[in-house]
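Read the numbers this way: they start at 1 and go in the same order the structure lists the ligands and their atoms.
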Amino acid sequence: MKNDNRMTLTQFLIEERRRFPQAAGDFNSLILNVALVCKRIAGHVAAGELGGMMGSASATNVQGEEQKKLDVVSNDLFVQGNNWGGYLAGMVSEEMDLPYHIPDHYDRGPYLLLFDPLDGSSNIDINISVGSIFSVLRAAATDRPPTEQDFLQPGKNQVAAGYALYGPCTMFVLSVGSGVHGFTLCPQLGEFMLTHPNMKIPPETQEFAINASNGRFWEDPVRRYVDECIAGKSGIRGKDFNMRWIASMVADAHRILMRGGVFLYPRDTKDPAKAGRLRLLYEANPIGYLIEQAGGRASCGGHPVLEVKPTDIHQRIGLVFGSKKEVERIEDYHAHPREEASSNPLFHASSLFRVAESQA
Ligand code: F6P
Ligand code: MN
């Protein structure tokens, strides 16, 4: 049996811990319980219509977005699967307005867990890959419940981050600060097995991911970058690009970890009240951490996303991540704007995005 020699997630964590003899078992319990929650969510996702969990929960979250039944179920599984273990001081979730405090009858511990319990949930009902994203920070104190302020740490403070992807197979992708490692759920054993050690993102790519229907709202550096990709061999890039958009960031991130690429959900002018689409603490930061641990780069356009000092637990941010050289190029376009965008012949071409703009 091929799996007989593979390392399980448990063994991987124990071996990692040997390198840090001072570390208590709390951290491993945290990651293993998050992995268990993800297995439970995988079961609900895989049951599809048969599980009776499809469709809307007839509620909205703090972001004003419709909650699906599985968003709510997944959030409850994360909370109930981690509140009792004694390793957490509190949790923040996309689906909860306020930080969750550990009930008094359980011990508080040294870590904070931040998560998007089901990313890409508009894809649930149509059987397209979705996932769970999580970030681990250190708590400032364990003798009191954490305040919102305690969660507002820059992404570079993360001690671990990861995601589960509920695709044709279920995967758990993790970094504890020593590279990125991918585990595949073995259906026979019910264990995550190490199948993708040391995932690395190639520095260059010919694949980009962006929701092009927002083209008319983009800032010039993004417009310039995408136009140049679309110009392909005939433009300054001198090579053709492919575009992919799954609309589950976690699935787009997984593709990029597997074979490179660049993902953009930039700040735009669509809704001036929103600084971007994705949430900093439980989407951009954990994915940014994984991407950088895999040798890629994650940026808000102007500066590294992991450097951003958060101001709100549900704060949104523009995000660009993936193959290092591509992200650096986009950062360069932000740092050195074109003299006058309208004088660039690319914008006079009947590009997809110009057509969209003229029809707006
Ligand atoms: O969580 C936000 C999210 O669902 C991401 O997973 C995804 O990349 C994005 O929104 C999709 O946005 P849009 O609906 O604009 O394509
Ligand atoms: Mn999400």
One finds that the ligand 1 atoms under 4.0 Å from a non-hydrogen atom of W245 are 16 (O)
Specify which N/O/S atom of D116 comes nearest to the Mn ion (ligand 2), by atom name. OD2
Minimum-distance protein heavy atom relative to atom 1 (O) of ligand 1: E283 OE2, 2.7 Å
Would you mind listing which atoms of ligand 1 come within a distance below 4.0 Å of any non-hydrogen atom of S248? 6 (O)
Numbered atoms and elements of ligand 1 in range of G120, under 4.0 angstrom, heavy atoms: 4 (O), 6 (O)
If you compare all heavy atoms of P310 against all heavy atoms of Q153, which two are closest, and at what distance to 0.1 Å? CG-O, 3.3 Å
For M249, the ligand 1 atoms whose distance to one of its heavy atoms is below 4.0 Å: 5 (C), 6 (O), 7 (C), 8 (O)
Identify the residue among Y282, F134, F115 that makes a ring-ring contact (aromatic ring centres under 6.0 Å, His included) with F78. F115
Please report the C-alpha distance between V45 and I124 in whole Å, then the side-chain angles of each, then the deciding distance to 0.1 Å, and finally whether the side chain to side chain contact (heavy atoms under 4.5 Å, CB included) criterion is met. CA-CA 7 Å; V45 171; I124 298 171; 5.9 Å; no
How about E191 and T8: does a side-chain donor come under 3.5 Å of a side-chain acceptor? no
Parallel, tilted or perpendicular: which one describes the rings of Y265 and F263, with boundaries at 30° and 60°? tilted
One residue to check: D252. Relative to ligand 1, which of side chain, backbone, both or neither has a non-hydrogen atom less than 4.0 Å away? neither
Could you tell me the residue and atom name of the protein heavy atom closest to atom 15 (O) of ligand 1, and the distance to it rounded to 0.1 Å? Y265 OH, 2.5 Å
Tell me whether R279 reaches ligand 1 (any heavy atom closer than 4.0 angstrom to a ligand atom). yes
Show which atoms of ligand 1 fall inside a sub-4.0 Å distance from at least one heavy-atom site of R277. 10 (O), 12 (O), 14 (O), 15 (O)
Report yes if some heavy atom in the side chain of L152 is under 4.5 Å from a heavy atom in the side chain of T311; otherwise report no. no
Under 6.0 Å between ring centres, would you say that holds for F12 and F183? yes
Counting only heavy atoms closer than 4.0 Å, does ligand 1 sit against the backbone of E94, its side chain, both, or neither? neither
Is any side-chain heavy atom of L194 closer than 4.5 Å to a side-chain heavy atom of H181? yes
What is the nearest protein non-hydrogen atom to atom 13 (P) of ligand 1, stated with its residue, atom name and distance? N211 ND2, 3.6 Å
Write the atom name of the N, O or S atom in D119 that is nearest the Mn ion (ligand 2). OD1
Salt bridge present between K324 and E204 (N-O < 4.0 angstrom): no
For the Mn ion (ligand 2), the closest N/O/S atom belonging to E283: OE2
Heavy-atom contacts with L278 under 4.0 Å: which atoms of ligand 1 show up? List them by number with element. 2 (C), 5 (C)
Does D116 pair with R279 as a salt bridge, N-O distance under 4.0 Å? no
Polar proximity ligand 1 side, N214 side, N/O cut 3.5 Å exclusive: no
